[in-house]
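Okay, so here's the structure we're looking at.
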Amino acid sequence: MIALVDCNSFYCSCEQVFRPDLFNKPVVVLSNNDGCVIARSKEAKALGIPMGAPYHHYKKVMAFHNVAIFSANFPLYADFSSRVMAILNRFSDAVDIYSIDEAFIQLGGLTEDVIGYANTIRSTILKWTGIPVSIGIAQTKVLAKCANQFAKGLPDSGGVFALTHPPVIDTALKQVSVGDIWGIGRNHSAMLKRHRIHTAYDFKMHANRQQLLKWLTKVGLQVYDELNGLSCINLHDMNLPRKNIQVARSFRPELTTIDDVQAAMATFVTRAMEKLRAQQSLVQCITVFVRSNPFQQHAQYYRKALSVGFLTATNDTFVVMKGARMALKRVMVSGVSIKKAGVVLSEITDDASIQESLFERSTVNPLMAVLDGINQRYGRDTIQVANQKRYTQKRRSPQWVSSRYTTNWEELLTVGLKDSQI
DNA sequence: TCTGGGGTCCTAGGACCC
DNA sequence: TCTGGGGTCCTAGGACCC
């Protein structure tokens with residue numbers, strides 16, 4: 001038996017832990033640059049604020065309904081995530097972390113009272129971290145995802161729902177739209193509906209595997225099998241090293257000179273290489289990309305990417321930065337302001353399996369370990385490339401960011417008496 | 001004024017080889 | 001005059017996820 005444990009409105013819940021006055025109130029969390037809504041509390045959803053909505057489109061609605069707004073505080077969310085996952089490890093031997101706010105756990109041989117067990121998990125997480133979760137239970141991951149939707153949606157489910165009895169499964173799947181099945185996105189759902197497949201039940205009952213393969217590729221067929229109770233989706237292990245590492249940001253205001261973009265790139269390469277070394281890998285290719293604002297009505301949309309390969313795999317920030325600089329010179333054109341830029345590291349290898357080049361020794365720079373050590377101990381960017389400053393200084397700081405209550409000594413929650421009570 | 005960031009996997013089709 | 005068949009590898013682009 002598999003349980004999907006999913007934190008409710010995760011980012012909002014993290015903020016609410018330190019703001020109990022906001023429990024059961026509309027809360028949203030905004031992306032970088034306070035651009036888009038990336039999390040909404042139940043109450044905010046009820047106001048009709050969609051996921052991914054640009055903040056400025058909903059500014060008035062939010063002000064009118066007194067919605068509490070937060071700028072994204074990822075260090076805080078990452079810390080809460082690891083606390084929740086640590087608790088899950090106490091309840092199951094096999095925890096597959098699927099994203100920052102959800103994990104699949106095996107319930108093993110447990111057959112009796114899975115609901116009771118799930119309720120215990122749920123209340124423990126709530127008590128120890130303050131984060132409410134929903135738990136869906138089923139034979140397969142896709143069905144567990146469906147069960148989770150009911151756990152979230154049905155008020156009297158108490159946050160736990162099991163799809164384990166065949167008649168219940170079919171009744172439930174008739175109420176799930178194909179587009180709401182995990183793994184069936186917008187495009188595929190539109191196509192299925194054109195072929196009169198509207199619900200998860202219709203999909204499950206479709207007889208023609210060949211046709212499904214043609215429409216949805218191998219991946220869609222796996223979803224189909226899982227709906228039919230055949231477990232076949234294996235998750236990429238979150239602990240395995242990434243095959244690509246991307247760091248990208250939007251700029252506000254937009255950047256117009258190559259020097260400014262260069263400075264931003266220096267920061268992106270630094271971050272990406274830190275991630276690379278953290279997973280003990282080497283990289284052999286970097287892609288640099290820039291783009292203008294696609295929403296701009298008057299100007300022509302510009303986007304361009306360029307990759308640079310290295311003779312040998314490396315973990316040296318300075319080597320990669322040099323490659324990025326070369327690439328950047330060739331993707332920038334004058335007169336275009338850059339709205340977003342970033343880097344992608346690819347051709348990533350394990351640093352134990354270095355391919356020595358005929359011409360060059362692999363570039364594993366021991367200086368990097370020293371640098372990482374200092375920055376880990378004394379804080380990010382204690383030592384940095386001079387050019388990074390230019391980017392950090394230009395960046396507008398987010399408006400509504402909360403404290404890093406759990407990861408920074410300077411920002412602990414302070415408790416005190418009001419003046420009147422002293 | 002103002003629209004996020006970071007991943008994975010799959011397939012079709014071209015390049016190239018014998 | 002006439003120009004095969006079969007395989008692998010790579011890449012761009014599409015689809016999906018949170």
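Chain letters run A, B, ... following the sequence lines, proteins first, then strands; residues in each count from 1.
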Does a side chain donor of either [X] or [Y] reach within less than 3.5 Å of an acceptor in the other side chain?
X	Y	result
Asn33(A)	Ser250(A)	no
Glu254(A)	Ser337(A)	yes
Ser402(A)	Glu15(A)	yes
Asp79(A)	Thr407(A)	no

Indicate, with a heavy-atom threshold strictly under 4.0 Å, whether Leu30(A) touches base, sugar-phosphate, or nothing. nothing
Exactly one of Thr256(A), Leu255(A), Val288(A) should register a side chain to side chain contact (heavy atoms under 4.5 Å, CB included) with Val261(A). Which one does? Leu255(A)
Please compare Phe74(A) and Ile245(A) by the position of their nearest nucleotide in DNA chain B and report the one closer to 5'. Phe74(A)
The residue, Val219(A) or Lys59(A), whose nearest nucleotide of DNA chain B is more 5′ is Lys59(A)
Of the nucleotides [options], which one has an atom closest to the side chain of [X]?
X	options	value
Arg249(A)	dG5(B), dT8(B), dT3(B)	dG5(B)
Cys36(A)	dG7(B), dT3(B), dT1(B)	dT3(B)
Lys243(A)	dT8(B), dG6(B), dT11(B)	dT8(B)
Lys339(A)	dG6(B), dC10(B), dT3(B)	dT3(B)
Arg252(A)	dG4(B), dG7(B), dC2(B)	dC2(B)
Arg242(A)	dG4(B), dG7(B), dC10(B)	dG7(B)
Lys275(A)	dT11(B), dG6(B), dG5(B)	dG6(B)

Quick one: [X] [atom1] to [N] [atom2], roughly how many Å, whole number?
X	N	atom1	atom2	answer
Ile38(A)	dG5(B)	CD1	C1'	9 Å
Phe289(A)	dG4(B)	CZ	C1'	11 Å
Tyr77(A)	dG6(B)	OH	C1'	17 Å
Met51(A)	dT3(B)	CE	P	17 Å
Arg40(A)	dG4(B)	CZ	P	16 Å
Trp215(A)	dT11(B)	CH2	C1'	18 Å
Leu276(A)	dG7(B)	CG	P	11 Å
Leu221(A)	dC10(B)	CG	P	12 Å

Map every base of DNA chain B to its dot-bracket character, where paired means a Watson-Crick or G-U wobble contact with both distances under 3.5 Å and | marks a partner outside the strand. ....||||||||||||||
Distance check, P atoms only: dC17(C) and dT3(B), in whole angstrom units. 26 Å
Taking the same atom, P, in dC18(C) and in dC2(B), what whole-Å distance lies between them? 31 Å
How close do [X] and [Y] get, counting heavy atoms only, and between which atoms?
X	Y	value
Gly35(A)	Ser31(A)	N-OG, 3.5 Å
Asn315(A)	Arg277(A)	O-NH1, 3.0 Å
His188(A)	Trp215(A)	NE2-O, 3.8 Å

Looking only at side-chain N and O atoms, does [X] come under 4.0 Å of OP1 or OP2 in [N]?
X	N	value
Lys340(A)	dT3(B)	no
Asn32(A)	dG5(B)	yes
Ser250(A)	dG5(B)	yes

Using a 4.0 Å heavy-atom cut-off to protein, can you give one letter per nucleotide of nucleotides 12-18 of chain C, 5' to 3': B if the base is in contact, S if only the sugar-phosphate is, - if neither? ---SSSS
Aromatic rings Phe251(A) and Phe268(A): how do their planes relate, parallel, tilted or perpendicular, breaks at 30° and 60°? parallel
Could you grab the distance from atom NZ of Lys275(A) to atom CZ of Arg242(A), nearest 0.5 Å is fine? 9.5 Å
Would you confirm whether the ring centroid of Tyr11(A) sits within less than 6.0 angstrom of the ring centroid of Phe74(A)? yes
